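First listed ligand is number 1; within each ligand, the first listed atom is number 1. Worth saying up front: this structure is predicted, and the values here are computed from it rather than measured.
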Amino acid sequence: MSSEELSSSITDWFFFNSWWLLLPFVMLLVIAAFIVAFVLLLYMISPLISPKPFKLNGAHVVVTGGSSGIGKSIAMECYRQGAFITLVARDETKLVLAKKEVEKCAINDKQVVLCISVDVSSDYGQVESVIKQAQEKLGPVDMLVNCAGTSIAGKFEEVDMDRFKKMMEVNFLGSVYPTRAVITTMKERRMGRIMFVSSQAGQIGLFGYTAYSPSKFALRGLAESLQMEMKPYNIYVTVAYPPDTDTPGFVEENKTKPLETRLISETAAVCQPDQVAKIFVKDTVQGNFNSSVGPDGYMLSALTCGMSPVTSITEGLQQIVTMGLFRTIALFYLCSFDSIVRRCMIQRERAKAADKRE
Ligand SMILES: NC(=O)C1=CN([C@@H]2O[C@H](COP(=O)(O)OP(=O)(O)OC[C@H]3O[C@@H](n4cnc5c(N)ncnc54)[C@H](OP(=O)(O)O)[C@@H]3O)[C@@H](O)[C@H]2O)C=CC1
Ligand SMILES: CCCCCCCCCCCCCCCC(=O)[C@@H](N)CO
């Protein structure tokens, strides 16, 4: 072999091999191109998965638990956007006071606030008949807000047995009954929005919430199943997850809250009802399945999205990208919650021992 031939065969060999060296990069490029094309395609079909627009102006909105706290703020927010409101709760005096407050938010003189006193958890027949009354006066229900609810915080073995039943009755069945009462008409009209007010304690189980949390987790199961049934009828379901919010109900809950629950909850700030109401109403009008408040609410919702429906491509992509990171952050939170529980236990035992010595 001449030296020329040798050098050309070396060059051939080099080129041949360097192609192989480049192959991984070429493959990466192809994969990246596929991902970009896939994302672009997703955005192209996004109008197909996003809900049709819904307007609050002139709509009939029923708010259970509308006489106090978050429910009242939701009613006021809807009224500010031109809706007709039916407030549902048990105590008539509170209802009348709330009606006056909501009326102050009017934007035109045609708007009406109706009050209905009923226990949403006791009997389906009763709930059905009051919803019928409301529909006769203000027309078919366009949006239902299931906000009536109550909480109890206490250690598992210290919560009375009947409270477990009560939580499921008020927080879960109290949302099933009104929903059942409006759904047939919504399906016929091929439009509607339904909000379930769960809680951050409906996304994570925390010390002190053995009775309350399950009733709020249940709403998520109800909402996911219902959404799958209702989507073809242009009815959109939203689950709202409030953090601790400064309301009469919250003040009541704090009276029996164990120290552990208080310390763990203090990880996140206490919100104002008007602030959370604005976000929940906006998400419900848009037809988003999830509605959360603040950075920790956002993280919790992405982390616990599971098989819940998506209403925008951006939401789905954000969940895919952030899931691992948020789980990592969550593990630190869990460590700190466990350490709060352990410290409280040690403190209690020391106090008990000191008591005995005296
Ligand atoms: N505040 C908070 O920190 C958080 C609250 N939540 C949830 O948000 C919702 C509202 O809470 P909040 O505003 O604090 O509560 P409030 O106690 O301030 O208000 C509760 C409302 O629900 C009504 N209600 C309660 N039980 C029934 C019933 N059986 N039938 C009909 N109406 C009923 C009450 O009226 P009446 O008593 O007259 O019937 C009242 O209008 C609840 O579901 C709660 O679990 C979730 C996370 C955090
Ligand atoms: C990535 C992970 C982030 C984790 C953040 C965790 C924050 C925990 C705070 C929990 C607060 C519990 C609120 C319950 C409110 C409630 O339902 C009652 N007040 C009802 O009255």
For this session: Report the part of Thr245 (side chain from C-beta onward, or backbone N, CA, C, O) that has a heavy atom under 4.0 Å from ligand 2; answer both or neither where that applies.
Result: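 No part of Thr245 comes within reach of ligand 2.
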To the nearest 0.5 Å, what is the distance between [atom1] on [X] and [atom2] on [Y]?
X	Y	atom1	atom2	value
Tyr236	Ser50	OH	OG	7.5 Å
His60	Ile85	NE2	CD1	8.0 Å
Lys99	Tyr79	NZ	OH	7.5 Å

Element-labelled atoms of ligand 2 that are located less than 4.0 Å from some non-hydrogen atom of [X]:
X	value
Phe326	1 (C)
Tyr209	18 (C), 19 (N)
Met299	1 (C)
Phe250	19 (N)

Is the shortest heavy-atom distance from the side chain of [X] to the side chain of [Y] under 4.5 Å?
X	Y	value
Phe84	Asp142	no
Leu263	Cys344	yes
Tyr209	Thr261	yes
Phe172	Val176	yes

[X], [atom1]: over 12 other non-hydrogen atoms inside 6.0 angstrom:
X	atom1	answer
Lys155	NZ	yes
Arg189	CZ	yes
Lys278	NZ	no

Among all protein heavy atoms, pick the one closest to [atom] and tell me residue, atom and distance.
atom	value
atom 14 (C) of ligand 2	Ser199 OG, 3.6 Å
atom 9 (C) of ligand 2	Gln200 OE1, 3.8 Å
atom 21 (O) of ligand 2	Glu253 OE2, 3.2 Å
atom 15 (C) of ligand 2	Asp244 OD1, 3.2 Å
atom 10 (C) of ligand 2	Leu206 CD1, 3.5 Å

Problem set entry | Near ligand 1, at a heavy-atom separation below 4.0 Å: residues by chain and residue number |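 Ligand 1 is contacted, at a heavy-atom distance under 4.0 Å, by Gly65, Ser67, Ser68, Gly69, Ile70, Ala89, Arg90, Asp91, Lys94, Val118, Asp119, Val120, Ser121, Cys147, Ala148, Gly149, Val170, Val197, Ser198, Ser199, Tyr212, Lys216, Pro242, Pro243, Asp244, Thr245, Thr247, Pro248, Gly249, Phe250.
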For this session: Between Tyr333, Phe337, Tyr298, flag the one that comes closest to atom 3 (C) of ligand 2 by a heavy atom.
Result: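 Comparing heavy atoms across Tyr333, Phe337, Tyr298, the nearest one to atom 3 (C) of ligand 2 lies in Tyr333.
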Problem set entry | Exercise: do Thr314 and Tyr43 side chains pair donor with acceptor under 3.5 Å |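 Yes - a donor-acceptor pair under 3.5 Å links their side chains.
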Exercise. Considering distance alone, does some N or O of Ser265 sit under 3.5 Å from an N or O of ligand 2?
Worked result: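 Checking ligand 2 against Ser265, no N or O pair falls under 3.5 Å apart.
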For this session: Please determine if Glu101 and Lys104 form a salt bridge, counting it only when a charged side-chain N lies under 4.0 Å from a carboxylate O.
Result: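 Salt bridge between Glu101 and Lys104, a charged N being under 4.0 Å from a carboxylate O: no.
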